[in-house]
Engineer: 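Just passing along the structure, written as structure tokens.
Just so we're on the same page: letters track the sequence lines, and every chain starts at 1.
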Number of protein chains: 2
Amino acid sequence: METITAEDYIKRIYSIERHSNFASTSSIAKALEVSDASANDMMKRLSEQGYVKYIPRKGVQLTKKGKIIALKIVRRHRLWEMFLVKFLGYSWDEIHNEAERLEHVTSESLEARIDKALNFPTVDPHGDPIPTANGELIETEYQLLNDCEKGSAGIISRVSDKSPEVLQYLKNIGLGLQTKLKIVDKISFDGSIIVKANKQIIPLSPKLAQCIFIQPVTA
Amino acid sequence: METITAEDYIKRIYSIERHSNFASTSSIAKALEVSDASANDMMKRLSEQGYVKYIPRKGVQLTKKGKIIALKIVRRHRLWEMFLVKFLGYSWDEIHNEAERLEHVTSESLEARIDKALNFPTVDPHGDPIPTANGELIETEYQLLNDCEKGSAGIISRVSDKSPEVLQYLKNIGLGLQTKLKIVDKISFDGSIIVKANKQIIPLSPKLAQCIFIQPVTA
DNA sequence: ATATAGATTTAGACTAACCTAAAAAATAAT
DNA sequence: ATTATTTTTTAGGTTAGTCTAAATCTATAT
């Protein structure tokens, strides 16, 4: 049985591994805001318990056992996020921290009931895919808004959930999942992107546009 | 800030105190299934932190600060129980353990939203009163089924949530909150109580009847 | 090739939980 | 009143998690 802390480590290792193959001690430490020494300690513990393969001075990789836990936690996190939005009226910028705690106290039974109550959703309120009950995760590769061409159109299909401020700002300017938009201009000198959505012209900084993923449409 | 463990201790002390003034080390240890030594340790810690008044060789009493925490946790527990029943289709015998974990990871905001979604309930699915947001608890004193007189009638208004088996059994024989019943007989030699409910004659052992609380009605 | 910077690991300590076994105090029984 | 029993406390240990500071290893740059 995993402790809450161990679950958090495993989850972070999973997300680091997705773009860097090995998760280094320091990257884990930084992500979890603990000292390198603490992260190193935990790597030994997780390795003993078979959740990670630990290669000293290199980093760790999740084992099959570790990956199952990671996906379970991610699934519960995203199901909770969806649930908080659909059943309790939360908005997408307020749910991350709540889900961060709830994910660790969710039984199989509760997970299944939430899933059913939501009619088996495939994505969370930020458009992130929800792993299935048997640990499959289907990632759709969307286009970064920055990479969309002038004149093209698309639908907002995923938004980075890294920063609540970004989510709150997008909410305020009326951009959400499924919002249809058209790239009316791209300012070359600063990278800004001007879009048209909800019949409004909205300028977006490159940093903001980097948080938005688009499903292209022809129209 | 309280740890989950400390919250559990505080909650148990609260419930012990309600019928015994002082909570002894051993009663706490037994309730939480830990050794006397562990409970004793925790009493010192909770006392240092101002949650209890610790009188060596006597026991502990919650301070005002401790009582506030206890009622907060009880409130969250009972709100969750209600929520699990109303929104996720759980039955009253399946909710205790889920709520036992959820109660510790519930923010003020989440608590308030659940409360609102349930339209501010005053009792949980077992008929136990839900403390208000500012820590008031209104206990209604019902009559124990065992103490009801032959021929009298009443409504099941509260059921002990101590044992899931009892709750499950009652559910199976069709007895629930708000079920109206009439005491048709009381068997003196073994203390059994024969009731009529839902047009059926149902015999109840004294031990079972002890779990049922009645609001008398004249009819 | 060696010095230096950067990352990683070890050493040693702390806290909150828990435990067992022994000691001390309070209560009950003769 | 003295013994026996029960309850409470202390003493000493364990584990999971955290930390700082020091040591070690790796890689880069001159």
Engineer: Rounded to whole angstrom units, what separation is found between the NZ atom of A:Lys30 and the P atom of C:dG6?
Structural biologist: 13 Å
Engineer: Please state whether the phosphate of D:dG17, meaning OP1 or OP2, lies under 4.0 angstrom from any side-chain nitrogen or oxygen of A:Thr3.
Structural biologist: yes
Engineer: Closest-nucleotide mapping onto DNA chain D: is A:Arg57 or A:Ala6 further toward the 5' terminus? I mean the 5' end.
Structural biologist: A:Ala6
Engineer: From the set D:dT9, C:dA16, D:dT18, return the single nucleotide nearest to any side-chain atom of B:Pro56.
Structural biologist: D:dT9
Engineer: With a cut-off of less than 4.0 Å, is there a side-chain N or O of B:Ser38 near OP1 or OP2 of C:dC19?
Structural biologist: yes
Engineer: Tell me the closest heavy-atom pair linking B:Asp124 and B:Glu81, and the distance in Å.
Structural biologist: OD2-OE1, 3.1 Å
Engineer: OP1 or OP2 of D:dT10 versus the side-chain N and O atoms of B:Lys44: is any pair under 4.0 Å?
Structural biologist: yes
Engineer: Flag the pair A:Glu103 / A:Glu111 as yes when at least one side-chain heavy-atom distance between them is below 4.5 Å, and no otherwise.
Structural biologist: no
Engineer: OP1 or OP2 of C:dC18 less than 4.0 angstrom from a side-chain nitrogen or oxygen of B:Ser35, does that happen here?
Structural biologist: no
Engineer: For D:dT9 and B:Thr25 - does any side-chain N or O of the residue sit under 4.0 Å from the phosphate oxygens OP1/OP2?
Structural biologist: yes
Engineer: Starting at CD of B:Glu48 and ending at P of C:dT15, how long is that distance when rounded to a whole Å?
Structural biologist: 11 Å
Engineer: Starting at atom CD1 of A:Ile4, determine the distance to atom C1' of C:dA17, rounded to an integer number of angstrom.
Structural biologist: 14 Å
Engineer: Are the side chains of B:Phe120 and B:Thr132 in touch, meaning some heavy atoms are under 4.5 Å apart?
Structural biologist: no
Engineer: Looking at C:dA16, D:dT9, D:dA16, which one has an atom nearest to any side-chain atom of B:Arg45?
Structural biologist: C:dA16
Engineer: When you check the phosphate oxygens OP1 and OP2 of C:dT8, does a side-chain N or O of A:Tyr54 lie under 4.0 Å from one of them?
Structural biologist: no
Engineer: To the nearest Å, how far apart are A:Ile16 CD1 and C:dA7 C1'?
Structural biologist: 15 Å
Engineer: Under the criterion side chain to side chain donor-acceptor pair (under 3.5 Å), I'd like the reasoning laid out for B:Glu94 against B:Ser91: C-alpha separation, chi angles, the key distance, then a yes or no.
Structural biologist: CA-CA 6 Å; B:Glu94 306 171 303; B:Ser91 63; 3.2 Å; yes
Engineer: Tell me whether the OP1 or OP2 atom of C:dC18 has a side-chain N or O from B:Tyr9 closer than 4.0 Å.
Structural biologist: yes
Engineer: Choosing from C:dT8, D:dT9, D:dT18, which nucleotide comes nearest the side chain of B:Asn40?
Structural biologist: D:dT9
Engineer: Of B:Ile55 and A:Val34, whose closest DNA chain D nucleotide lies nearer the 5' terminus?
Structural biologist: B:Ile55
Engineer: Rounded to whole Å, please give me the gap between CD in A:Glu7 and P in D:dA16.
Structural biologist: 15 Å
Engineer: For the residue pair B:Tyr169 and B:Ser163, establish whether any side-chain heavy-atom pair is separated by less than 4.5 Å.
Structural biologist: no
Engineer: The side chain of B:Ala37 is closest to which nucleotide in this list: C:dA21, D:dG17, C:dC18?
Structural biologist: C:dA21
Engineer: Roughly how many Å is it from CG in A:Asp41 to C1' in C:dG12, rounded to a whole number?
Structural biologist: 12 Å
Engineer: Closest nucleotide of DNA chain C for B:Asp36 versus for B:Met42: which of these residues is on the 5' side?
Structural biologist: B:Met42
Engineer: Determine: side-chain N/O of A:Ser26 to OP1/OP2 of C:dG6, distance under 4.0 Å, yes or no.
Structural biologist: no
